[in-house]
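Note: hydrogens, waters and symmetry copies are ignored here, and every other heavy atom, side chains too, is used.
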Amino acid sequence: MSSTFAQPSDAQFLRRGRRIMPPVVRGLLWAAIGFFILNTLVSEVLDRTPFAPYVTKLSVTFGWAGATCGWLLGVGAWELVVKPYFGYPVEWEVPNDWRRYFMMSLDHKVIGMQYMVSSVSGFFIAGFAAMWMRLELMNAGLWAFPTPNAYLSTVGIHGTIMMFSFGTVMLVGGFGNFLIPLMIGSNSSAFPRVSAISQWLLPVGIITVALSPMLGTWTTGWRGYAPLAQQDPNGIVFYYLGVFAMTTSSLLVSINLTATILFQRAKGLTWNRIPMYAWGILAASLLNIIWLPEIQMTFVLALVSNIVPLPMFAQIGTPLTYMEVFWLFGHPEVYIVVVPAFALWQEILPVMGQKTLFARAWGILGLVFVMMFSGLVWAHHMFTNMRNDQMLPFSFFTEMISIPTGFAFLVSLGTVWKSKLRLTTPTLLVFMSMFNFLIGGVTGVMLADPVINLQTHDTFFVVGHFHYTIIGAMVFSFMAAGYYWLPRFSGRMYNEALGRLGAIWVFVAFNGAFGQFLLLGLRGMNRWVPVYPKYLQGMNFEVSLFAFLLGLGFLFNLIHIVWMWRRGKPADANPWHSKTLEWQSTSMPGETNFVSPPKVLTGFYDYSDDSPVWKATPPKEVS
């Protein structure tokens with residue numbers, strides 16, 4: 001790959017450079033300077049109004065843009081992107097120790113680790129918001145929040161950060177960056193600078209949304225509905241800007257991973273041999289590339305309408321347009337989250353059962369057709385705003401998408417049938433993910449029926465369905481992947497007894513909380529409200545207890561994994577006896593993946609014999 005930039009393998013360039021202050025510190029300093037300059041320029045010079053505050057909707061938007069540019073340049077984009085573009089040599093010292101995780105890097109494994117930390121941080125910030133919400137809902141009256149708007153802002157922060165910094169990011173940006181080049185036999189991703197920049201946009205988005213109440217409350221939830229948003233104080237501006245940063249991060253990493261899978265594969269790695277997880281990442285990345293620009297333009301239009309203001313989504317405009325274009329993206333987003341989870345089932349179970357993957361082609365078709373159908377079902381979120389004759393097509397396709405999702409179940413169950421399955425922690429978590437998504441799928445088919453949908457709309461039944469689909473499938477699959485690949489990430493093995501305890505803990509707590517969400521919805525509990533009828537208080541109290549237990553369970557698993565990462569027993573190079581390429585390389589961050597490029601000889605999922613699936617390419621064959 002020719003470029004005016006130095007390549008990641010050019011260690012002599014990347015490790016040479018003058019001493020600078022710590023990149024994260026410099027990034028924060030440059031971000032503060034960028035915000036001060038642009039916010040002052042707009043509020044005090046270009047848009048000066050007597051007695052107006054120093055920070056306005058318009059000035060904070062430009063100030064945020066300046067802060068974001070300063071942050072990216074400070075953490076390394078100045079040396080790795082801007083200066084090389086103008087012909088200057090790359091002067092960037094990359095320490096081969098813990099400091100490499102606090103600066104911009106071109107190593108896909110380092111970027112993957114950075115993404116994981118950023119995404120998990122977002123998960124626990126959003127989780128803390130959820131705990132605060134559940135504390136409020138333990139009582140039928142308003143008591144843990146000063147106002148209903150403060151509660152609604154917390155709901156919005158929880159949903160926005162959980163969806164855009166964790167749900168759509170962790171399996172693609174985190175695991176995808178680390179594993180995909182290894183899985184396809186490459187020493188680098190296609191565009192390492194693109195992924196490097198995208199990673200450092202993620203904390204920008206998380207912090208922006210988390211700090212949004214400093215500018216005022218916002219009552220729209222994670223969806224940012226207009227024209228309601230135009231009635232809110234300035235906090236909604238940070239919602240739009242934060243989501244824009246996080247979706248840009250997802251878009252850039254998806255472009256990089258798609259190009260990597262298409263053009264960086266090892267010799268012999270044909271389309272019918274690509275690992276299942278790579279197929280899942282490819283499908284999710286294509287969904288991101290198709291739909292993220294659409295929702296980003298929606299947010300830009302909503303932001304402009306809010307700042308100017310324009311009547312684009314107001315009563316004299318088209319009030320339903322924002323809702324329509326949001327859900328046009330919103331339902332494909334569900335499959336951006338769960339398609340990699342489906343692929344993980346089919347990646348882990350053949351290894352744990354040491355049995356050939358059943359009906360692999362149908363598993364791939366399921367991923368592809370879910371991707372294709374995902375844009376045809378969005379309007380079932382709007383049945384209350386539609387005529388009866390408009391509901392039928394969307395109801396039909398919502399029912400239809402259950403067929404290719406069913407392929408993932410059949411392939412997984414066919415694989416474990418009569419296998420010598422090892423009931424390890426990853427195996428248990430995969431089964432738990434399958435069970436949870438089954439509940440989410442059944443309730444989803446119910447909500448595809450307009451009669452049921454109209455009765456349960458805006459109730460906790462919908463919230464329960466949503467969490468069974470997203471957290472139940474994706475988060476449990478993420479945990480399975482974390483335990484499965486922990487030896488590959490760290491060279492150490494987790495404690496099996498503690499791993500099983502953590503899995504059972506979160507499974508019981510999750511179902512105790514969100515199973516009762518479904519019952520609460522059927523009993524009339526509305527979402528988005530901090531005050532509710534007294535007769536629902538007992539069940540809400542129980543849900544909150546299970547929610548607190550769930551939060552502690554996630555924290556227990558995090559502590560276990562971090563502790564084992566540092567103190568666990570050294571693991572074998574391939575402890576699960578997998579055939580995929582990421583287990584054939586022992587490289588850690590900062591090291592080359594494959595000294596000799598691999599040549600793939602056969603597929604990775606045939607465990608009927610022990611013949612090798614790859615060989616090192618002799619020097620004369622290396623192009």
Side-chain angles (χ1 to χ4, degrees), residues 119-120 122-135 137-138 155 158-159 161-163 166-167 170-171 222 334 337-338 340-342 344-345 348 409 412 423-444 446-447 459-484 498-522 525 527 539-561:
S119 192
V120 168
F123 178 82
F124 277 95
I125 291 171
F128 175 78
M131 297 301 102
W132 197 3
M133 291 152 50
R134 287 313 316 175
L135 182 66
L137 294 177
M138 293 181 80
V155 173
H158 163 73
I161 295 179
M162 191 67 81
M163 287 299 294
F166 184 80
M170 173 55 82
L171 295 183
W222 73 281
V334 172
V337 173
V338 300
F342 295 161
L344 282 171
W345 301 350
I348 294 173
F409 279 89
S412 301
L423 285 177
T424 61
T425 301
T427 307
L428 286 176
L429 285 163
V430 167
F431 285 151
M432 292 170 181
S433 173
M434 293 174 66
F435 174 84
N436 292 336
F437 190 79
L438 180 63
I439 302 299
V442 170
T443 52
M446 294 170 64
L447 289 170
T459 69
F460 263 47
F461 188 89
V462 177
V463 181
H465 154 74
F466 182 79
H467 282 80
Y468 265 104
T469 303
I470 302 300
I471 292 186
M474 182 269 171
V475 175
F476 279 77
S477 293
F478 148 68
M479 292 173 62
Y483 281 108
Y484 176 70
L498 292 178
R500 290 175 180 173
L501 172 62
I504 295 170
W505 183 341
V506 295
F507 181 72
V508 172
F510 174 83
N511 282 278
F514 293 104
Q516 292 192 81
F517 266 44
L518 301 173
L519 300 177
L520 275 169
L522 294 176
M525 178 71 188
R527 56 181 175 175
M539 186 174 286
N540 267 303
F541 190 88
E542 292 176 14
V543 169
S544 294
L545 293 180
F546 277 111
F548 299 149
L549 188 64
L550 179 62
L552 290 173
F554 284 134
L555 188 61
F556 172 84
N557 281 278
L558 176 66
I559 293 172
H560 175 215
I561 289 177

Practice item. Under the side chain to side chain donor-acceptor pair (under 3.5 Å) rule, collect the residues that match up with His158, sequence neighbours excluded. Key: none

Point to revise | Stepwise side-chain contact (heavy atoms from CB on, under 4.5 Å) test for Val430 and Tyr484 | key: CA-CA 11 Å; Val430 167; Tyr484 176 70; over 6 Å; no

Check your understanding: Do Met525 and Leu519 touch side chain to side chain, with heavy atoms closer than 4.5 Å?
Key -> no

Study note, to complete from the structure: Of all heavy-atom pairs linking Ala341 and Leu171, the shortest is N-CD1, 4.0 Å

Study note, to complete from the structure: Interatomic distance, OG1@Thr443 vs CG@Leu438, rounded to 0.5 Å, equals 9.5 Å

Practice item. Could you walk me through whether Phe548 and Leu552 pass side-chain contact (heavy atoms from CB on, under 4.5 Å), step by step? Key: CA-CA 6 Å; Phe548 299 149; Leu552 290 173; 5.6 Å; no

Review point. Okay, side chain of Ser544, backbone of Asn540: is any donor-acceptor separation there less than 3.5 Å?
Key: yes

Check your understanding: Nearest 0.5 Å, what's the CG-CZ distance between Asn436 and Phe507?
Key -> 5.5 Å

Point to revise | Pair Leu137-Val543, side-chain contact (heavy atoms from CB on, under 4.5 Å): steps then yes or no | key: CA-CA 9 Å; Leu137 294 177; Val543 169; over 6 Å; no

Exercise for review: Could you tell me the separation between the CE atom of Met479 and the OG1 atom of Thr425, rounded to the nearest 0.5 Å?
Suggested key: 9.0 Å

Check your understanding: Phe166 pairs by ring-ring contact (aromatic ring centres under 6.0 Å, His included) with which of Phe478, Phe554, Phe124?
Key -> Phe478

**Study point:** With Phe461 via ring-ring contact (aromatic ring centres under 6.0 Å, His included) - residues at least two apart
**Key:** none

**Study point:** Rounded distance [0.5 Å steps], CE in Met163 versus CH2 in Trp222
**Key:** 4.5 Å

Check your understanding: Excluding sequence neighbours, so at least two apart, what forms ring-ring contact (aromatic ring centres under 6.0 Å, His included) with Phe431?
Key -> none

Check your understanding: For the residue pair Ile348 and Pro426, what are the closest heavy atoms and their distance?
Key -> CG2-CB, 4.2 Å

Exercise for review: Give a yes or no answer on whether the side chain of Trp345 reaches the backbone of Ser477 with a donor-acceptor pair at less than 3.5 Å.
Suggested key: no

Revision key, fill the gap. Smallest heavy-atom separation, Met474 atom then Gly167 atom, equals CE-O, 3.9 Å

Point to revise | CD1 on Ile471 to OG on Ser433, rounded to 0.5 Å | key: 12.0 Å

Practice item. Not counting sequence neighbours, list each pair that qualifies as a salt bridge (charged side-chain N to carboxylate O under 4.0 Å, His left out) and has a residue in residues 498-515. Key: Glu496-Arg500

Practice item. Check the pair Thr424, Tyr483 against side-chain contact (heavy atoms from CB on, under 4.5 Å), reporting the backbone distance first and the verdict last. Key: CA-CA 9 Å; Thr424 61; Tyr483 281 108; over 6 Å; no

Check your understanding: Any idea which heavy atoms bring His467 and Phe510 closest together, and the distance?
Key -> O-CZ, 3.5 Å

**Study point:** Listed partners of Phe517 passing ring-ring contact (aromatic ring centres under 6.0 Å, His included), at least two apart
**Key:** Phe460, Phe514

Practice item. May I ask you to test the Met432-Ile504 pair for a side-chain heavy-atom distance under 4.5 Å? Key: yes

Check your understanding: Closest heavy-atom contact between Val506 and Ala503?
Key -> CG2-O, 3.3 Å

Exercise for review: Not counting sequence neighbours, which residues clear side chain to side chain donor-acceptor pair (under 3.5 Å) with Ser412? List them please.
Suggested key: none

Review point. Is the gap between the ring centers of Phe409 and Phe342 under 6.0 Å?
Key: no

Check your understanding: How long is the gap from CE on Met446 to NE2 on His465, to the nearest 0.5 Å?
Key -> 10.5 Å

Review point. Under 6.0 Å from the CH2 atom of Trp505, do we count more than 12 heavy atoms belonging to anything else shown?
Key: yes

Point to revise | Heavy-atom pair with the smallest gap, counting every atom of Phe437 and Ala473 | key: CD1-CB, 3.5 Å

